[in-house]
Amino acid sequence: MSWSGEGRHHLTAAASAAEGPARAVRNGSGTDAGDLQPRGDRPEAPAPRPGRFSGPTGNRLTVLSGPSGVGKSTVVAELRRTHPEVWLSVSVTTRKPRPGETDGVEYHFVDGAEFDRMVAAGELLEWAEFAGNRYGTPARPVLERLEAGVPTLLEIDLQGARQVRAAMPEALLVFLAPPSWEVLEARLRGRGTEPEDVIERRLAAGRVEMAAEPEFDITLVNTSVQEVCERLIDLMRVHSVR
Ligand code: ADP
Ligand code: 5GP
């Protein structure tokens, strides 16, 4: 099975094993990109730059995105545990660490001045402001892993996914969707890491992110973390064959 020419698919990760061949539903065409602009007095996140980081690498990048609370970090943590052969990019962020987060593991936690410096120096593959904090992907480690043929995964927001799409058109964009909007809300509140006003901001961003699902190559529904991880690994294997 080759990736190219298969179109866009929608997989229910938990159901797919029971159903045999993955249920495939073609995603539609793209949505309006204009409603997720960074706010505040800082410079806007960069406009996507076509082909900026494309090049002859031994591997293709995989990007995992989806609304806040859908389970992206949980999936990434499970992958880290069960699939150490996959390299997970560690983003920089101006957000404060949550309990249990370790600098250099989930994120490199930096202040605004250091983030500004990295942007000015062109050190970030992409970056965005999300719910009041800034997040970015250091470019060099990603490019080095791709060059070395290491399976490489980014967990980033929609704005970042769009920048990667423009900079590396060959990247595989995977959308992680909740089983329902109600489940998403319950997971975000159940995590208990944000006050209500931040939860509301994240849910507002989540509505925009959900509407952008058709821009992605494939959707995995996060009913079971283990199933999502297996599907992701399968996709990365297929996708890395050139
Ligand atoms: P994100 O990184 O997308 O913001 P998290 O990984 O922090 O989301 O997950 C949000 C909450 O949902 C956490 O409390 C996590 O334990 C829970 N969660 C994640 N995946 C599942 C799942 N498949 N089933 C039930 N709960 C889940
Ligand atoms: P959280 O604060 O919940 O860890 O992350 C908030 C959002 O920022 C999530 O959607 C997450 O995917 C996204 N994010 C994490 N790292 C990056 C990054 O390097 N770039 C971009 N654009 N988004 C990121």
Side-chain angles (χ1 to χ4, degrees), residues 12-15 36-38 44-46 48 61 63-80 88-103 105-110 115 118-119 123-139 141-142 152-167 171 173-180 182-195 198-199 201-210 212 216 220-232:
T12 303
L36 243 193
Q37 295 304 316
E44 291 193 346
L61 185 62
V63 173
L64 182 68
S65 288
S68 187
V70 70
K72 300 180 299 297
S73 313
T74 307
V75 166
V76 163
E78 180 69 4
L79 274 180
R80 191 176 281 125
L88 301 158
S89 166
V90 181
S91 299
V92 288
T93 183
T94 59
R95 166 166 83 59
K96 297 281 171 280
R98 291 180 186 135
E101 287 183 332
T102 308
D103 188 34
V105 178
E106 290 84 5
Y107 286 105
H108 300 290
F109 295 97
V110 299
F115 200 98
M118 295 182 84
V119 170
E123 292 179 13
L124 300 181
L125 175 63
E126 58 74 36
W127 68 272
E129 182 167 334
F130 182 92
N133 296 299
R134 285 183 294 164
Y135 301 81
T137 303
V142 172
T152 299
L153 182 71
L154 306 187
E155 186 251 283
I156 59 176
D157 86 325
L158 173 63
Q159 303 165 80
R162 285 172 173 157
Q163 291 170 46
V164 170
R165 169 71 92 206
L173 266 53
V174 180
F175 188 82
L176 193 63
S180 69
E182 289 69 30
V183 168
L184 179 69
E185 278 203 59
R187 282 187 189 164
L188 194 52
R189 291 185 201 284
R191 188 170 69 190
T193 49
E194 279 90 14
V198 176
I199 289 175
R201 289 174 79 174
R202 285 178 177 246
L203 286 172
R207 280 187 196 92
V208 177
E209 300 230 4
M210 290 295 289
F216 287 74
L220 299 179
V221 178
N222 181 17
T223 306
S224 151
V225 172
Q226 286 74 25
E227 288 274 353
V228 166
C229 288
E230 282 164 28
R231 289 278 158 189
L232 255 181

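Note that the numbering runs from 1 along the sequence shown for the chain. Both ligands and their constituent atoms are indexed starting at 1 by order of listing. Quantities reported herein were computed from a predicted structural model and do not represent experimental measurements.
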Self-check item: Steps toward side-chain contact (heavy atoms from CB on, under 4.5 Å) verdict (R95, F109)
Solution: CA-CA 7 Å; R95 166 166 83 59; F109 295 97; 4.2 Å; yes

Self-check item: Protein heavy-atom partner closest to atom 9 (C) of ligand 2 - residue, atom, separation in Å
Solution: K72 CE, 3.8 Å

Exercise. Would you please determine whether E106 falls within less than 4.0 Å of ligand 2 on a heavy-atom basis?
Key: no

Quiz item: Considering only the protein, which heavy-atom contact is closest to atom 8 (O) of ligand 1, and what is its distance?
Solution: G71 N, 3.1 Å

Quiz prompt | Plane angle bin for Y107 and Y135 - parallel if under 30°, tilted between 30 and 60°, otherwise perpendicular | solution = tilted

Quiz prompt | Side chain, backbone, both or neither: the part of E209 lying under 4.0 Å from ligand 2 by heavy atom | solution = neither

Quiz item: Nearest protein heavy atom to atom 2 (O) of ligand 1, by residue and atom, and its distance?
Solution: S73 OG, 2.6 Å

Quiz item: Would L173 and S65 satisfy side-chain contact (heavy atoms from CB on, under 4.5 Å), going step by step from the backbone distance to the final call?
Solution: CA-CA 8 Å; L173 266 53; S65 288; over 6 Å; no

Quiz prompt | Region of T223 that comes within reach of ligand 1 [heavy atoms, distance under 4.0 Å] | solution = backbone

Quiz item: Hey, which atoms in ligand 1 end up nearer than 4.0 Å to a heavy atom of P67?
Solution: 3 (O)

Quiz prompt | The one among V198, I156, V70 that brings a heavy atom closest to atom 14 (N) of ligand 2 | solution = I156

Quiz item: How close does the nearest protein non-hydrogen atom get to atom 7 (C) of ligand 2, and which residue and atom is it?
Solution: F130 CD2, 3.7 Å

Quiz item: To the nearest 0.1 Å, how far is atom 11 (C) of ligand 1 from its closest protein heavy atom, and which atom is that?
Solution: R187 O, 3.6 Å

Quiz item: Counting each atom of ligand 2 from 1 as listed, which ones have a heavy atom of A128 under 4.0 Å away?
Solution: 22 (N)

Quiz prompt | Under 4.0 Å to a heavy atom of K72 - the qualifying atoms of ligand 1, by number | solution = 1 (P), 2 (O), 3 (O), 4 (O), 6 (O), 8 (O)

Quiz item: Does G66 reach ligand 2 with a nitrogen or oxygen that is under 3.5 Å from one of the ligand's nitrogen or oxygen atoms?
Solution: no

Quiz item: Does L176 offer a backbone N or O that forms a donor-acceptor pair with the side chain of N222 under 3.5 Å?
Solution: no

Practice problem: Would you mind listing which atoms of ligand 2 come within a distance below 4.0 Å of any non-hydrogen atom of R202? | Solution: 1 (P), 2 (O), 3 (O), 6 (C)

Quiz item: Is the closest N or O pair between E155 and ligand 1 shorter than 3.5 Å?
Solution: no

Exercise. Go through the steps for R189 and L203 under the test side-chain contact (heavy atoms from CB on, under 4.5 Å), then give the verdict.
Key: CA-CA 10 Å; R189 291 185 201 284; L203 286 172; 3.8 Å; yes

Practice problem: Distance to 0.1 Å, residue and atom name: give those for the protein heavy atom nearest to atom 4 (O) of ligand 2. | Solution: Y107 OH, 2.5 Å

Quiz item: At the 4.0 Å heavy-atom cut-off, does G66 count as touching ligand 1?
Solution: no

Practice problem: Considering only non-hydrogen protein atoms, determine which one is nearest to atom 16 (N) of ligand 2 and report residue, atom name and distance to 0.1 Å. | Solution: S91 OG, 3.1 Å

Practice problem: Just go through Q163, Q159, E155, E126 and tell me whose heavy atom is the nearest to atom 20 (N) of ligand 2. | Solution: E126

Quiz item: What is the distance from atom CZ of F216 to atom CD of E209, rounded to the nearest 0.5 Å?
Solution: 7.0 Å

Quiz item: Of all heavy-atom pairs between F130 and A205, which one has the smallest distance, and what is that distance?
Solution: CE1-CB, 3.9 Å

Quiz item: So, K72 side chain and P67 main chain: donor-acceptor pair closer than 3.5 Å or not?
Solution: yes

Quiz prompt | Atoms in ligand 1 flagged as close to S68, the criterion being non-hydrogen separation under 4.0 Å | solution = 4 (O)

Quiz item: Would you call E194 and R98 a salt bridge, taking side-chain N to carboxylate O under 4.0 Å as the test?
Solution: yes

Quiz item: What's the shortest heavy-atom distance between A212 and R162, and which atoms?
Solution: CB-NH2, 3.9 Å

Practice problem: Please identify which atoms of ligand 2 are closer than 4.0 Å to at least one heavy atom of G160. | Solution: 22 (N)

Quiz item: Quick check: does R98 get an N/O under 3.5 Å from an N/O on ligand 2?
Solution: yes

Self-check item: Option of least heavy-atom distance to atom 13 (C) of ligand 2 (set: V164, D157, L64)
Solution: D157

Self-check item: Approximate separation, where rounding is to 0.5 Å, of L125 CG and I156 CD1
Solution: 7.5 Å

Practice problem: Could you tell me the separation between the OG1 atom of T137 and the CG atom of L124, rounded to the nearest 0.5 Å? | Solution: 7.5 Å

Quiz item: To which protein heavy atom is atom 20 (N) of ligand 1 closest, and what is the distance rounded to 0.1 Å?
Solution: N222 ND2, 3.1 Å

Self-check item: Closest contact, heavy atoms only, G136 versus W127
Solution: CA-CB, 3.8 Å

Self-check item: Gap separating the CG atom of L154 from the OG atom of S91, nearest 0.5 angstrom
Solution: 7.0 Å

Exercise. Could you tell me whether the side chain of S224 and the main chain of E227 form a donor-acceptor pair under 3.5 Å?
Key: yes

Self-check item: Worked verdict on T74 versus V228 for side-chain contact (heavy atoms from CB on, under 4.5 Å)
Solution: CA-CA 10 Å; T74 307; V228 166; over 6 Å; no

Quiz item: Counting from 1, what ligand 2 atoms have a heavy atom of R95 closer than 4.0 Å?
Solution: 1 (P), 2 (O), 4 (O)

Quiz prompt | Interatomic spacing from CG in D157 to CD in E126 - rounded to 0.5 Å | solution = 7.0 Å

Practice problem: May I ask you to check if ligand 2 and E101 share an N or O to N or O distance below 3.5 Å? | Solution: no

Exercise. Identify the protein heavy atom lying closest to atom 7 (O) of ligand 1, giving its residue, its atom name and the separation to 0.1 Å.
Key: R191 NH1, 2.7 Å

Practice problem: Can you pull out the closest protein heavy atom to atom 16 (O) of ligand 1? Residue, atom name and distance to 0.1 Å, please. | Solution: T74 OG1, 4.0 Å

Quiz prompt | 4.0 Å heavy-atom contact, G69 with ligand 1 | solution = yes

